[in-house]
Structure formats: C-alpha cells, structure tokens
Amino acid sequence: MLELGFTKAERLLKGDKAGQRVKTRGWIYRTRHKGKMVFTVIRDSSGIIQATLFRGDMEDENEFEDAKKALVESSVEVEGILVKEPRAPGGYEIQVRRFRIVNFADVFPITKDQSEEFLRDNRHLWLRSRRMTAIMKIRSTVTGAIHEFFRNRGYYEFTPPILQPTQCEGGATLFEVKYFDMKTYLSQTWQLYAEAAIFSLEKIYDVAPTFRAEKSRTPRHLCEFWMAEMEAAWMELEECTEVAKEEVGFIIKKVLEKNRKELELLGRDTKVLEEMIKKDFPTITYTEALKILKERSGMEVEWGKDLRTIEESELMKHFDTPVVVTHYPKEVMAFYKPIDKEADAPGPVAKCFDMLAPEGYGEIIGGSERDTSIEEMKKYLEKDGEDPKNYEFYFDTRRYGSVPHSGYGLGVERVVAWISGIDNVKDAIPFPRTPSRIRP
RNA sequence: GCCGCCGUAGCUCAGUGGCUGGAGCGGCCGGCUGUUAACCGGCAGGUCACAGGUUCGAAUCCUGUCGGCGGCGCCA
C-alpha cells in the first residue's frame, strides 16, 4: 500500500498474483504493435515485465491508440490482469485494461546500435539501461558493505576535507582550485588528515571522492573516483593486510548475497567469486614476486624497479584469488612508508603493500604502515623536491605520543568493475571524468 | 609526458580522385490478434567535424584546428 497499490515488475514475475488485477508503473522499454494488439515491455527499477494490449479488452479505446503511438521511454501506469504466459519474457504478462500515459517520450536517442563514445555522451540516458542499472546496484552494495564492515569492527566514519592545501602522494598530479585569492587542491587522499584523527578515534574509515590529474587513458583510471580508506592506531603492516583481505572477502560475500540477478545479467560467472572467497588470499613479498615472475613466467625484472602493469598481470596469472604483495623497494615508494629494517631483501624495502585482483583487474588496494620518524620523512620529501615546511602539521602528529599505525585505500570503481566482471572502470561510476571528458 | 587510431543521415557503418553520396536500424504514414531490439509496402532525413590548400574535378590527397578513442608510463 505504500506504493499506492502499484506492484514492481520483479514482484509480479514471482507469479503469486496471477489471475489478479494488478497495477504497475514505469517506462516503456520495448514496444511493437500488430494490428489490434500492442506489446509493450515495462521497465522499473526492479526489472521488466511485458504488458499486452488487445484493443477489444481495453476499458478506454483511446488508451489503446495512445499505447500504439507511445515511444520507448514514455512513462506509464498500467492496470490489468496478471497471467502466466510462456511467450512473455519472464513467464508472466499483464493483459492490459487501462494504459495511462504519464508522459509521451520524445524519440529516445539510444537505440540498437551503440558506440562507446555515443553512450558516454549520453550517459544521463544510458543510466536507464539494464546494464548500468545492474552495475549501479552492485556499486551500492559495495559501498554499503564497506560501511558495514568497518562499523562492525569498531571503526568510526571520519570525513576529511576535500579541499586540501598540500599534496601527499609524492608526485601524483593535483587539480588546482581557485580559493578566493588563494590556491588549493582537490583531495587525492585523506591520509594526512586521517593520521591526525587516529589519536582520538583510533580506528577510522571513509568512502570519499578522490581526484588525480593524471592523463591516464586506460580502462583502470579515472580523474575523479571514490576511494575507501582506513587508518588505525597501534596497527602494524601485517595486521593491516589481514584487514584488507577480510574487507574484500566481505564485499564479495555481500554482492553474492544481494546481487546475484545483476551479476547474471552482466554475464559474470558467480562460481568464480564463490570459490574465491572460500580460499585464503596469499601474501607474498615484492622479492618473492620477482622470483615467481622469473621462474614461472621467464620474466626478468631488475630488483628495485616498481612492478608495472604488464608484470602485475603476468604475476596474477599464477593466482585465482586476490594477492597481497608487501615490501616494495623504498626507493620507489612515498615518503611516509617506513623502511623495514628486519626484512630479508637485497635492498631497503618499505612496510607497504598492494592488493592485486585476479582475472586481469590489477591493483585494487595500496597501503602501508606509516613512518614515525620525522627525520626520515624529511629526508625523502627533500629527495622528491618537496619542501618539508609544508608538512609541519603532519609532523606534529609524530610529536605528541606517536604510535605505530597503518592504513590503506581501496579503489571503489576497480572493485566494482572486477566483481561485476566489466571491462572498464568508467562504467563502474555514474558519470566518469577522464582527461578528455567532463560531460555530461 | 610518449606512441597510434577515428570523425559520412538521429544511431551503426559502406563509399578511398569521376554521373544527383548509399544501406541497415530508428522516425513518420498504411497493413497485420502472440510480438520477443517482429514482418510487409511507402515517405522524410546530409555543413561528408571545421578551416585552408592541391586538382579540370575532393567525403576521398596534403596542412592545420577541434572533438573523441586506444596503448604505454603513473597510480586506486
């Protein structure tokens, strides 16, 4: 009754209302007419159901004429008898008595033939597609699961500023924003602020927009994306990687629970995901990763070089679950990632990690323990050409009761794309922003 | 930052120096009582991205501009 007697398509397809007079409303997804009949398929947020009109069965013949001329995406309220009908998609259809047009749609520009460019130009309309609807539902589950995961473990949601005066990631490009007569930048991580907050809340997380002005033209990059980060006091590298594994496992479990229908619509093999979460996700070191590349792929990587996309994807051919890779060479890591003096490696390595997704999806998480030595951090900032003076407030977090702490960031769109089995993160966000696109 | 590709009807494309630039889909008109992004008949629809150049002649060749896409690097 909350829906004023309207029943969603998904509910109607369950069939228990068969034989009853029902009402539903939505948008015309498909329509074709054949003499004194009109076949329409009505779409709502839950799914689609066929509504069939016979001229002679209509309580108002004008509505039959309206139905005949109504174009795709016209909004309608439909009333009729729900019947079992094997010829209808979904097995049930409404045999229509009343067909009220709420709004006659103009010619909908998106038809059978679609190019990626056209669909991106018309993303505001393409959002109505079953594909985008399915992905957006999965995205909603993913972000919901992240909140649930951390709150269940005693983490507080903490909201960082989006306008930030300094950079953090050592070289990553920032979007500059005019701020009255000053300059500021859009956030590329909450990290510096999160590290201030753990001294009160201890365990915190967020799901927030992140901006990177990198001209990266790949299926894995966006200039505006959502990052789910966590930061925890008293936590060292190993525990941090375990939290990351549990989080990813939890997200997959939730999507399997809530979005089986959407995964199937997208052609995602759910068995792969089901099997994956039964297994432990392995942790290896960077040095071990090089060994695997050499011995099992015949790929020689010089120790000290960062793993590139090609090496990561070759490495992941040997795994069918996400893998945590720790202890990358300090030289290629950001200033705040501390050297692990006890590590067994050919050179200085950092207490840091990435999580790589299987099936060619690559890096989904990056994180580390945080350096507690102001002197060390200053040394590496200067090496990167940064002025340590800009980081005084950050160094303050090390001056008053500093403790070991760790954190990481998870790329929401990358996780959504991977779990959904789609080939581009640009479809994992409603309105993607790339180096060459800020519309619509 | 580096390398490559594309731009022709609302959409997807064909046309690569020579007659008035084509098809399918979509739209409009008509037909059809079981359609499955139906079928049959008819109609409308073009700044060949833009600017300049070469040529008797340019959608087609050249130069530039604009817009978009892909790969690498970098990252989540």
Side-chain angles (χ1 to χ4, degrees), chain A residues 28-41 48 50-57 64 68-69 71-72 83 85-91 93 95 105-122 125 129-130 168-173 188-191 207-229 244 248 305-312 328 332-334 353-357 361-367 408-418 423-426 428-429 434-437 439:
Chain A
I28 296 179
Y29 177 68
R30 298 284 182 263
T31 178
R32 46 206 162 253
H33 53 89
K34 185 175 166 52
K36 295 193 173 68
M37 305 177 70
V38 179
F39 295 97
T40 61
V41 178
I48 57 172
Q50 179 162 285
T52 301
L53 292 76
F54 293 86
R55 188 190 191 101
D57 289 346
F64 181 85
K68 227 170 142 174
K69 69 182 188 204
L71 300 179
V72 165
V83 297
E85 173 51 77
R87 289 169 292 190
E93 72 176 14
Q95 295 194 342
D106 287 355
V107 179
F108 199 63
I110 301 174
T111 60
K112 182 171 72 174
D113 298 309
Q114 308 147 347
S115 63
E116 287 201 1
E117 181 181 352
F118 184 74
L119 293 180
R120 284 182 200 158
D121 285 341
N122 291 282
L125 302 176
S129 68
R130 302 191 78 199
C168 169
E169 293 272 311
T173 330
Q188 56 180 332
T189 173
W190 80 329
Q191 191 183 324
V207 183
T210 299
F211 305 88
R212 303 267 166 99
E214 295 156 3
K215 290 188 176 169
S216 305
R217 302 166 180 282
T218 83
R220 304 179 310 283
H221 287 87
L222 292 163
C223 293
E224 175 182 319
F225 64 98
W226 286 67
M227 190 147 71
E229 296 173 277
V248 170
K305 299 262 186 208
D306 204 355
L307 293 181
R308 296 174 305 169
T309 309
I310 186 168
E311 283 114 22
E312 283 182 358
Y328 285 73
V332 296
M333 289 291 124
F353 76 101
D354 281 352
M355 185 187 287
L356 308 178
Y361 284 88
E363 186 175 346
I364 51 172
I365 288 177
Y408 63 82
L410 172 149
V412 170
E413 289 74 18
R414 287 187 180 177
V415 168
V416 171
W418 164 48
D423 60 9
N424 200 319
V425 294
K426 294 179 188 75
I429 190 166
T434 68
S436 53
R437 184 179 285 282
R439 297 192 168 78

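Everything quoted here is computed from the prediction, not taken from an experiment. Each chain gets a letter, A, B and so on, in the order its sequence line appears, and its residues count up from 1.
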Say we look at [N] and [M]: how far apart would their [atom1] atoms be, to the nearest angstrom?
N	M	atom1	result
B:rU16	B:rG7	C1'	15 Å
B:rG21	B:rC5	P	30 Å
B:rC69	B:rG27	P	28 Å
B:rA14	B:rU60	C1'	13 Å
B:rA49	B:rC32	C1'	43 Å
B:rU20	B:rC11	C1'	25 Å
B:rC29	B:rG15	P	35 Å
B:rG42	B:rG52	C1'	44 Å

Between the base of [N] and the side chain of [X], is one N or O donor paired with an acceptor at under 3.5 angstrom?
X	N	answer
A:T218	B:rG71	no
A:Q50	B:rU36	no
A:E214	B:rG1	no

At their closest point, which heavy atom of A:Q50 faces which heavy atom of A:A88, and how far apart are they?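 Heavy atoms only, the tightest pair is NE2-CB, 3.8 Å.
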For a quick check of understanding: with a heavy-atom distance under 4.0 Å over all strands, which category does [X] fall into, base, sugar-phosphate or nothing?
X	result
A:Q95	base
A:L71	sugar-phosphate
A:S436	sugar-phosphate
A:E413	nothing
A:F225	base
A:D121	nothing
A:E224	nothing
A:A228	nothing
A:R437	sugar-phosphate
A:T111	base
A:M227	sugar-phosphate

Hey, what do you get for [atom1] ([X]) to [atom2] ([Y]), rounding to the nearest 0.5 Å?
X	Y	atom1	atom2	value
A:N122	A:Q114	CG	CD	10.5 Å
A:L53	A:F39	CG	CZ	9.5 Å
A:F108	A:I28	CZ	CD1	12.5 Å
A:M37	A:F64	CE	CZ	8.5 Å
A:R414	A:Y361	CZ	OH	13.0 Å

Between [X] ([atom1]) and [N] ([atom2]), how many Å, whole number?
X	N	atom1	atom2	result
A:F108	B:rC25	CZ	C1'	16 Å
A:F39	B:rC39	CZ	P	15 Å
A:K112	B:rU12	NZ	P	13 Å
A:R308	B:rC72	CZ	P	10 Å
A:Q114	B:rG26	CD	C1'	12 Å
A:H221	B:rG71	NE2	C1'	13 Å
A:F353	B:rA76	CZ	C1'	12 Å
A:R32	B:rC25	CZ	C1'	15 Å

Step through the shown structure and confirm whether more than 12 heavy atoms of other residues, nucleotides or ligands are within 6.0 Å of CG on A:L71. yes
On RNA chain B, compare the nucleotides closest to A:K215 and A:E93; which residue's is nearer the 5' end?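 That would be A:K215.
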Closest-nucleotide mapping onto RNA chain B: is A:E85 or A:V412 further toward the 5' terminus? I mean the 5' end. A:E85
Shortest side-chain distance from [X], nucleotide among [options]:
X	options	answer
A:R212	B:rU36, B:rG70, B:rA76	B:rA76
A:E116	B:rA37, B:rU33, B:rG70	B:rG70
A:F54	B:rG70, B:rG34, B:rC11	B:rG34
A:R414	B:rG73, B:rA76, B:rC11	B:rA76

Carboxylate-amine/guanidinium proximity below 4.0 Å for A:E311 and A:R308: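 Yes, this pair counts.
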When both hydrogen-bonding distances must be under 3.5 Å and the geometry is Watson-Crick or G-U wobble, what is [N] paired with, if anything?
N	result
B:rU20	none
B:rG4	B:rC69
B:rG52	B:rC62
B:rC32	none
B:rG26	none

[N] OP1/OP2 closer than 4.0 Å to side-chain N/O of [X]:
X	N	answer
A:R120	B:rC69	yes
A:R217	B:rG71	no
A:T309	B:rG73	yes
A:T210	B:rA76	no

Test side chain to side chain contact (heavy atoms under 4.5 Å, CB included) applied to A:T309 and A:R220, step by step: CA-CA 10 Å; A:T309 309; A:R220 304 179 310 283; 3.4 Å; yes
